[in-house]
Amino acid sequence: MDDHLWERTLDAVKEQVSLRVFDAWIKPLRPAGPVANDQIELLVGDPLTMDMVQKRYGAILESCLASEAGSHVQIAYRLAVKGSEAEVADRPEPPEQAAPAGTPRALDKSDNDPDGVSVDVVVNPLEGTGLDPRFSFESFVVGGCNQFVHAAAERVAERPARAYNPLFIHGGVGLGKTHIMQAIGNRVARTHPGLKVLYISSEKFMTEMIHSLRSQGIMAFKEKFRSVDLLLVDDIQFIAGKRATQEEFFHTFNALYETSSQIVLTSDSFPADIENLEERLRSRLAMGLVADIAPPDLETRVAILKQKASMVGIELMDDVAFFLADAIQTNIRELEGALIRVSAFASLTHKPITLGLVKETLRDLVKGHDKQVTIEAIQKTVANYYKLRLSDLLSDKRTRAYSHPRQVAMYLCKQLTSHSYPQIGQQFGDRDHTTVLHAVKSVEKKQAKDANLAEELESLRTMLRR
């Protein structure tokens, strides 16, 4: 092998993979020596890298190497020995297909190495847990809609079975229940490596139970779920109406609780609202801390959108982020789906992500978003929503039944129209602009802490966009 063959090979590979992949997986590789008998040996820093490179990028490496060498060269991989001159340089924690930064790595030092040199073996703390390493507290955007849940989840992760047990998290589809639940599991798995953690959906719990009954392996099933230190069960509402599954989960719950194991559950409904659930199980679900996740407000959606974009290397302009976050108010999954769709369209057409491109790409999703909203429409919609007469909304009555809707209407007028504070005040019984300013600031402050108010505002925005 000539002196520059490997450098030329790296340059060729760099053209075929993303820069992030190249820096994380390919660049740290080092040849152990020259090509011999049409074979080259590459030194790899750890088993995780070896497995990833062989499975995902081995073919690209061999193709580029053969092209530069002028003939086929087979690649063999070998773990680098610590302390050797050819040891692979430390590589940064890769952003893709790997545990997030800060993941502790247990090192297994072999005492039986005849040369007295040990090899680092990476122990994956998430192996067998069912957890996705992408879900962490660090990647969870906190806003008024989920601040309480986030704080409770962090407390549980810090003190499993000593803080809130069970922790029951409920909320609508796509609001982050699974994310925050798995963040607990990931944190515990890494900071308490001696604890056994298991994440599972209630549907899979039922499927495994049925399979164990058919295969006469019910004792192994019981042992699997009753021997953990932290059990995370997603979408518990799906066991409603399934008597055998409820029976088994009831006993599993009791066994874990009695041994001071932490239990975390998610559902789309409050325990009392889950139909066809046995009362004794319902009482178990509600015996700890019950916390809800509300739909995110506009500012939180913008923050989530920008973070999602940053994670995939997209720089999202503020006007684009606000437009998307305001146009798609249902849930985070749809917002993320819209971002993926826009990103793909921009990539395929080689165009920058502008407001115009977003409107073109998502015209079926955001149709009606450009509809001009008037002060009169807002006043009528708010009055109907709160079951008031329009004259009452515009009156000088100061009881909360009238003042709260009036402030909401003023806030929406400022948010959804281009009118100034004095112009809005004039339309509300010729009120001073400071009254409108106070109303807007008051609603902004309250919605950050009041999930019900945030939901009211989202509902009204949706009605006004139709």
Side-chain angles (χ1 to χ4, degrees), residues 99 124-137 140 149 153 156-157 160-161 164-171 173-190 192-215 217-269 271 274 277-278 281-282 284-285 287-291 293 333:
N124 182 5
L126 303 185
E127 186 175 357
T129 63
L131 293 165
D132 187 331
R134 295 174 301 173
F135 295 125
S136 67
F137 285 110
F140 188 82
V149 167
V156 167
Y164 311 113
N165 196 24
L167 174 62
F168 187 97
I169 302 169
H170 70 95
V173 175
L175 298 182
K177 299 188 301 296
T178 297
H179 187 145
I180 199 68
M181 166 184 268
Q182 290 215 28
I184 296 172
N186 281 314
R187 176 72 63 83
V188 171
R190 294 184 179 112
H192 299 81
L195 298 184
K196 187 176 179 181
V197 179
L198 181 61
Y199 164 85
I200 193 169
S201 68
S202 64
E203 187 176 13
K204 188 175 181 183
F205 179 90
M206 180 180 68
T207 302
E208 288 194 20
M209 188 196 75
I210 293 172
H211 177 74
S212 68
L213 289 170
R214 290 176 177 173
S215 61
I218 190 64
M219 294 310 297
F221 173 86
K222 292 177 185 291
E223 173 64 20
K224 173 181 177 179
F225 289 98
R226 300 183 189 185
S227 63
V228 300
D229 300 292
L230 169 59
L231 179 64
L232 307 127
V233 183
D234 216 352
D235 292 321
I236 194 66
Q237 75 274 5
F238 286 123
I239 71 172
K242 301 172 178 65
R243 292 185 59 187
T245 304
Q246 289 188 54
E247 178 79 17
E248 182 58 38
F249 184 75
F250 174 78
H251 293 299
T252 298
F253 184 104
N254 286 345
L256 291 173
Y257 190 80
E258 288 169 4
T259 56
S260 297
S261 297
Q262 177 70 50
I263 305 165
V264 182
L265 309 145
T266 72
S267 172
D268 61 2
S269 304
I274 302 176
L277 194 68
E278 292 183 9
L281 182 54
R282 193 193 310 276
R284 295 294 192 279
L285 302 184
M287 66 188 290
L289 177 65
V290 178
I293 296 182
R333 289 178 194 163

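When a residue number appears, it is its place in the shown sequence, counting from 1. Quantities reported herein were computed from a predicted structural model and do not represent experimental measurements.
Heavy-atom minimum distance, S260 versus A161: O-CB, 3.0 Å. Here the closest non-hydrogen pair linking V188 and P160 is CG2-CG, 4.0 Å. Contact record, R187 with A157: CG-CB, 3.7 Å, taken as the closest heavy-atom pair. Residues F140 and G176 approach most closely at CE1-O, 3.8 Å, considering heavy atoms. When all heavy atoms of S201 and V233 are compared, the closest pair comes out as C-CG1, 4.4 Å.
A side-chain contact (heavy atoms from CB on, under 4.5 Å) with L167 holds for exactly one of L265, L232, V156; it is V156. Under the side-chain contact (heavy atoms from CB on, under 4.5 Å) rule, L230 has a single partner from L195, V264, L198, which is V264.
With rounding to the nearest 0.5 angstrom, the CD1 atom of I184 is 12.5 Å from the OG atom of S136. Taking CE from M219 and NZ from K224, the interatomic distance works out to 15.5 Å, rounded to the nearest 0.5 Å. In this structure, the separation between CD on E208 and CD1 on I218 is 10.5 Å, given to the nearest 0.5 Å. For the atom pair CG (L285) and CD (E278), the distance works out to 11.0 Å, reported to the nearest 0.5 Å. Going from atom CG of L131 over to atom CD1 of I200 covers 11.5 Å, rounded to the nearest 0.5 Å. Atom CE of M209 sits about 10.5 Å away from atom NZ of K242, to the nearest 0.5 Å.
The backbone N or O of Q182 lies less than 3.5 Å from no partner atom in the side chain of D132, so there is not a single donor-acceptor pair. H170 contributes no side-chain N or O that, together with a main-chain N or O of T266, makes up a donor-acceptor pair within less than 3.5 Å. Using modelled atom types, no side-chain atom of D235 and backbone atom of D268 make a donor-acceptor pair closer than 3.5 Å. Under the 3.5 Å distance criterion, the side-chain polar atoms of S267 are left unmatched by any main-chain donor or acceptor of I236. Looking only at distances, no side-chain donor or acceptor of K177 sits under 3.5 Å from a matching main-chain atom of I169. S269 places no side-chain N or O within donor-acceptor distance of the main-chain N or O of I274, the cut-off being under 3.5 Å. Between the side chain of Q246 and the backbone N or O of L277, no donor-acceptor pair lies under 3.5 Å.
Partners of R226 by salt bridge (Lys or Arg N to Asp or Glu O under 4.0 Å), not counting sequence neighbours, listed by chain and number: E248.
Atom OH of Y257 sits in a sparse spot, with 12 or fewer heavy atoms from other residues, nucleotides or ligands closer than 6.0 Å. Enclosure of atom CD in E247 by more than 12 non-hydrogen atoms of other residues, nucleotides or ligands within 6.0 angstrom is indicated.
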Verdict with reasoning, V173 to R333, per side-chain contact (heavy atoms from CB on, under 4.5 Å): CA-CA 8 Å; V173 175; R333 289 178 194 163; 3.5 Å; yes

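Between P133 and R190 there is a side-chain heavy-atom pair separated by less than 4.5 Å. With a 4.5 Å cut-off on side-chain heavy atoms, R284 and N254 count as touching.
Side-chain contact of D234 with Y199: a donor-acceptor pair under 3.5 Å is present, judged by distance alone.
Sorted by first and then second residue, the ring-ring contact (aromatic ring centres under 6.0 Å, His included) pairs with a member in residues 226-253 read F205-F249; sequence neighbours excluded.
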